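Below is one structure. I have some questions about it.
Everything numeric here is computed off the predicted structure, so don't read it as measured data. Protein chains get the first letters and strands the later ones, always in sequence-line order, with residue 1 at the start of each.
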Amino acid sequence: MRGRQQFSIHFLQYLDPEGNLDLPLPEWTTDGPLLLSIYQNMVLARLLDQKAVALQRTGQMGTYPSILGQEAISVCTGLAMAKNDVLVPYYRDAPAQMIRGMSAAELFMYWGGDERGGNLNTASLDLPICVPIATQLTQAAGVATALKIKGEDSVVVTSCGDGATSKGDFMEALNLAGVWDLPIVFVINNNRWAISVPLAQQTRAPTLAQKAIAAGIEGIQVDGNDPIAVYEVISKAIERAREHKTPTLIEALSYRLSDHTTADDASRYRDADELKAHWQEEPIHRFQQFLHQQGLWDREQEKALQSHCQQTIDQAVEQYLAAEEEPATAIIDYLHAFLPYSLESQRSAIQHKDASVNTEGESR
Amino acid sequence: MRGRQQFSIHFLQYLDPEGNLDLPLPEWTTDGPLLLSIYQNMVLARLLDQKAVALQRTGQMGTYPSILGQEAISVCTGLAMAKNDVLVPYYRDAPAQMIRGMSAAELFMYWGGDERGGNLNTASLDLPICVPIATQLTQAAGVATALKIKGEDSVVVTSCGDGATSKGDFMEALNLAGVWDLPIVFVINNNRWAISVPLAQQTRAPTLAQKAIAAGIEGIQVDGNDPIAVYEVISKAIERAREHKTPTLIEALSYRLSDHTTADDASRYRDADELKAHWQEEPIHRFQQFLHQQGLWDREQEKALQSHCQQTIDQAVEQYLAAEEEPATAIIDYLHAFLPYSLESQRSAIQHKDASVNTEGESR
Amino acid sequence: MNMSFSTSDSPSTDDAVEPDKSPSPDIGGKIEAENKECVLVEAINMALHYEMARDDSVVVLGEDVATNGGVFRATLDLKQTFGAARVLDTPLAEGLIGGISIGMATQGLKPVTEIQFMGFMFAALEQLMCHAARMRNRTRGRLACPMVVRMPFGGGIHAPEHHSESTEALLAHTPGLRVVIPSSPIRAYGLLLAAIRDPDPVIFLEPKRIYRAQAQRVCNDGEALPLDTCFTLREGEDITLVSWGALISECSQVADQMLERGIAVELIDVATVSPLDMATILESVAKTGRCVIAHEAPKTGGIGGEIAAQLAEHALLDLKAPVLRVAGYDTVMPYAKKEALYLPSAAQISNAIQQVLNFA
Amino acid sequence: MNMSFSTSDSPSTDDAVEPDKSPSPDIGGKIEAENKECVLVEAINMALHYEMARDDSVVVLGEDVATNGGVFRATLDLKQTFGAARVLDTPLAEGLIGGISIGMATQGLKPVTEIQFMGFMFAALEQLMCHAARMRNRTRGRLACPMVVRMPFGGGIHAPEHHSESTEALLAHTPGLRVVIPSSPIRAYGLLLAAIRDPDPVIFLEPKRIYRAQAQRVCNDGEALPLDTCFTLREGEDITLVSWGALISECSQVADQMLERGIAVELIDVATVSPLDMATILESVAKTGRCVIAHEAPKTGGIGGEIAAQLAEHALLDLKAPVLRVAGYDTVMPYAKKEALYLPSAAQISNAIQQVLNFA
Ligand SMILES: Cc1ncc(C[n+]2csc(CCOP(=O)(O)OP(=O)(O)O)c2C)c(N)n1
Ligand SMILES: Cc1ncc(C[n+]2csc(CCOP(=O)(O)OP(=O)(O)O)c2C)c(N)n1
Ligand SMILES: [Mg+2]
Ligand SMILES: [Mg+2]
């Protein structure tokens, strides 16, 4: 006896790199303010990203992972989610986090080496970003399980990079989402590189979306630099998750136009021509062209937007640089809800050491 | 723009549960001695398994995981491999290990709590069995990498259960096999249960073979109780691995007719009817019917085989029970190639303690 | 799959991150305090029943914990009583189990997670050490991980490879994790309740060798024990004997024998190996001047080393003799045939005590 | 993918599991012993070059180690020199990296594996602790794991979260693993050669804070250092100061300051934290009667505790004062802004010494 099971993976793109339409627009695109919001958030994201790099370069912040060229994915993620949904982001998702309430100052704080950057200064149940690759994904599955147990109608959106799909956690989370029918959307930012390792050295799978097949769930590939396609796919997946408690894996194809982080030098391992070619596909120019074509955007608006963003960012920088330092004991005060008595003497030692650092200067 | 990628998973079966042919036989089945060897090894495997359970029940051996009903998979694995191939087995692969040189006494030793059971008393580079689920799979990928680096034409066969496919290691290994073109064959013994957890609670994927799609490699599902199909699929996969350095994932559908181990009681969680139904599909009866039909086997031969197996097993039991104990210091002597001098005093303490245990009896 | 997530039993999670060490006085009459003669694993089961009834936000998950009630039956009947939405059989993946527990805990649930054997915890360590232990700190208190990870541990039951290890020191060296080890049914009951109610992650290690050893009368009154206090099991003037887990029985035995010979052993059950209650131990050693520490884990780098080091730091002048440790050898846990050779014995403990007492 | 597995450079693996601590005298003239002024990370790179040239069975693997030469450039130029078949960029999965290293090692190769930062080792622990550490024992010597796992560790470079931890105690408490920590270019070179040549798994922890600190003249002669000996960096009669890794520089600094005040510090670099060479430390303390131990890892359960415990066991009568430990606090490693507050400082070490010296 022979039998056969068939599976397929679709790819979706509305706007080509020139901003021209490949397909008839989905219905929601009649919502002009939403289209503009996508654009405005992408521009803000890019300018903020530039500022973060500048802060690092001038010694005012630590190592930072730029999201240059991948703004569409994160912005559409943030805009497609409802307020009571839960975001479990990875470290190139600042735009989504900010749409959901994180301040730019908090972003700077986090990468400036200050834990308060993970507080998000809100009552949100979003998880903070996650440095150990892919570990957020099983946590996200746990969040989705909790929402389901609690009978809430909110959903989880979680994200990771292409490299992260090689780590077992990725598949474990996908598999659980399938078997427990979890209200969750996985978004892969496939920017083609994991530090110096190109996608072709991560996997032989021609798409990352097909990894969904292993878990028996829906997988789809989308042009991650086409905000229309990204928003369409993410919002539909969120809807499905909310209404039918079914998970989706989305592979958003993009490209890392920057170095991996400010500590990296991609010219060591990456072809200049490849980089140049991908600049032709980046999302902001493409979307601007489209909005122009649709008569939704002009130079005046652009100018106003730029200056508004600049102002927001300047304020954030100011706030960041002016922030008072946390007390020394903060390094132990948040370890447990209550300080175990056995740590009391260490807590005083920290205070004492801080005093001596303050009077003697950096004593190391 | 819309695009679509297609994937498919095939299922293969030659013999139905009554031993009747579904498909024309593959060419290698003209090799009568091979067919008989499959049968004989399956019978030996079953009798040995019974003995192992009996040894446990009578307090002469520790916890033991029976392979009742899954003999075809492991026997065909062992027979399809070349001598210089490397087996990286899981704990229901004793038949394959024995075909490759492990003695029955070593099997008893291992489950009797004696490390010499992992020595395999041979110069083989096969790995010993692996208790932490799925961890053998990435090791197997490493073995395959080594074979490839060394330019050898041998291949690796590795195995696991259905439950193991939920653990990240499984996917990590599959993915590496794809991207590094490794000469490796993964065999899943899908016996439908992971202790008390049925397959439907492990994954929503309708087949386990489709997990190969996530790694961009070949996957195939086979009736694991049909020795013809199993041997065909495994030997073809080994051939491909040897000649083209391409990996394959094989899902062999079988059923765990026994409790999970001698420490388990499956009646607590498993329907008696389900168990009964699956007894109709077990491989030995099926294959015996087939051999009868082919005129390759008769009652006399069966009788001779049974008594030969009994003899082999009795000898092994005798050897096992008569084995001299390892010296006490064996528990530290194999930790490193050379005992670090800091452990010398512990080594003498072990000797000393052993002496006191021997004179005072069990002192705990 | 047959897991029903009904909205009707949606838990109230208002007080999810609030500390709560006292039992609710009114739990709708569902549970009556009863004295039950039970063994350690039954006491754990009783505590789980109690707390799931009291607090809707408690959920139980792990491999084989639901339908099968756990391979040691610690979670018996929980699924029947509290439903499939609160008692979850997970796929086979410890990293996943760690991760989902964290995710659930951040959303106001209180997962009580089982790792089937401590030897299988390794795949979960990334989640436990990098995330569970840090979530509160990383978010400056916004999110927390009120979760318990239960693991049977230790040797002596003639189990196969990887089923008999004692690696509590790895967990105890991880700031942000509490590590708790009961040594009797009563302490198992009270400490598990405390662990579940603690607003932070607690690793709860169950000495499986004594799962079904001596029964005790345990009062099912929902009374938790403190999570940061050693238990002085018997007082004595001559020497302090410090241990935890299954070895407490050998230690008691030795203390009995010693008493017959006129030697009064003060026996301390550490119980909460992290954070360590050194105050109790120091006070005892200040009195006795002598100390022996016994544990199953390999000696080097075990928690016994930390205790001895703190004695060398804070009690040097009290010490009348070297601090001896009776512990596992620094080698891989042997298979069943030789595990007795590895495990610290009463004779070894008693020898060490004698040696310390004989010290000039 | 561009990894070419040509059969032409098939390594000879005859002596794969044979111990081999001496450099081969004849390596075809490919390498000439040269003195090179280099920093620690360069010394590591030099040792890797040396040993890959000398021994065909050595392969290097990890994330970003091939084309990029490692994020710290420790594996620079290895791929160019030895080819893509022996220098492998792996997919992003530490568990996988651990597993394939073991698989390779069992087949006669000698993998030298990089975990990009120690903070990412956790997913590999199941492989390292359950398998690498046990393969020889489990097969009664039939198979072995001659592999090295290199990991940059420790704080002080203002890196993001999870890039600054010191969790060597977890590894050192695992029988079957050796744990080695160099504190200078010369020791990095010699210890790494020894680690690669050792027939068993060695964890090689690289103190990244001093990767590019003070250069030293290192002789590229393939001479390995012993793997089970502390290095006494300076002798002194008054107090023993024990440390390892990056902190050795603060310790030297403090020793200098002390000398100016007439106090002779004996400074011991533990270097091989497992197995521990206690003989050297005990001998020193027998002479000085006083001891301070300094390490970056959290104090409780750190290796300092083990050393102090052994002093309390074997040197109680030698001790003229409590054994003090200067260590990290028992908390999560803080982010960059506050890492200096966490890290033990020269001032703290010097205070501890003063305290011990002042002890009646
Ligand atoms: C478990 C783990 N291993 C290694 C690293 C170091 N590291 C940081 S980012 C990165 C590459 C991630 O690539 P990808 O998933 O594609 O995300 P991208 O950065 O490209 O967005 C690596 C290896 C890490 N953070 N965590
Ligand atoms: C990492 C790990 N977790 C848990 C266990 C305990 N355990 C032993 S066998 C088993 C079920 C395995 O099921 P499956 O993979 O289907 O193999 P089968 O036993 O059915 O052949 C479990 C959970 C283990 N050995 N290793
Ligand atoms: Mg990427
Ligand atoms: Mg199974």
My understanding is that only residues two or more places apart in sequence, or in another chain, count here; which of them pass side chain to side chain donor-acceptor pair (under 3.5 Å) with B:Gln346? C:Asp330
Straight-line distance of C:His162 NE2 to B:Ile133 CD1, nearest 0.5 Å: 10.5 Å
If I measure from the heavy atoms of chain B, does C:Pro160 come under 4.5 Å with its side chain, its backbone, both, or neither? side chain
Mind ranking C:Ala159, C:Ser249, C:Pro91, C:Gly69 by heavy-atom pairs under 4.5 Å with chain B and telling me who comes out on top? C:Pro91
Partner set under ring-ring contact (aromatic ring centres under 6.0 Å, His included) for B:Tyr334, not counting sequence neighbours: none
Relative to chain C, which of B:Ala330, B:Ala328, B:Gly117 shows the most heavy atom pairs under 4.5 Å? B:Ala328
In B:Glu115, B:Glu325, B:Glu326, the residue satisfying side chain to side chain donor-acceptor pair (under 3.5 Å) with C:Lys338 is B:Glu325
Atom pair OG1 (C:Thr67) and OH (B:Tyr269), whose distance is rounded to the nearest 0.5 Å: 10.5 Å
On a heavy-atom basis, the closest approach of B:Ser166 and C:Ala93 is O-CB, 3.6 Å
Residue C:Ala123 versus chain B: region with a heavy atom under 4.5 Å: side chain
Evaluate the side-chain proximity of C:Phe120 to B:Val131: yes if any heavy-atom separation is below 4.5 Å, no if none is. yes
Of the listed B:Tyr110, B:Trp111, B:Tyr64, the one with the largest count of heavy-atom pairs under 4.5 Å with chain C is B:Tyr110
With no hydrogens and no angle check, is any side-chain donor or acceptor of C:Thr331 less than 3.5 Å from a backbone partner on B:Ile331? yes
Drop me the distance from C:Gln348's CD to B:His352's NE2, to the nearest 0.5 angstrom. 9.0 Å
With a 4.5 angstrom heavy-atom cut-off, which part of B:Ala349 approaches chain C: side chain, backbone, both or neither? both
Contact class of B:Ile350 relative to chain C, heavy atoms under 4.5 angstrom: both
Validation row: C:Arg73, B:Arg268 side chains within 4.5 angstrom (heavy atoms): yes
The reported gap from CG in C:Asp89 to CD1 in B:Ile195 (rounded to nearest 0.5 angstrom) is 10.5 Å
Taking C:Leu341's backbone N and O only, do any of them form a donor-acceptor pair with B:Lys353's side chain (distance below 3.5 Å, no angle check)? yes
Enter the distance from B:His260:NE2 to C:Asn68:CG here, rounded to the nearest 0.5 Å. 10.5 Å
Tell me if a side-chain donor or acceptor on B:Gln202 pairs with a main-chain N or O of C:Leu92 at a distance below 3.5 Å. yes
How about CD on B:Glu274, more than 12 heavy atoms from neighbouring residues, nucleotides or ligands closer than 6.0 Å, or not? yes
Report which part of B:Ile332 has an atom under 4.5 Å of a heavy atom belonging to chain C: side chain, backbone, both, or neither. both
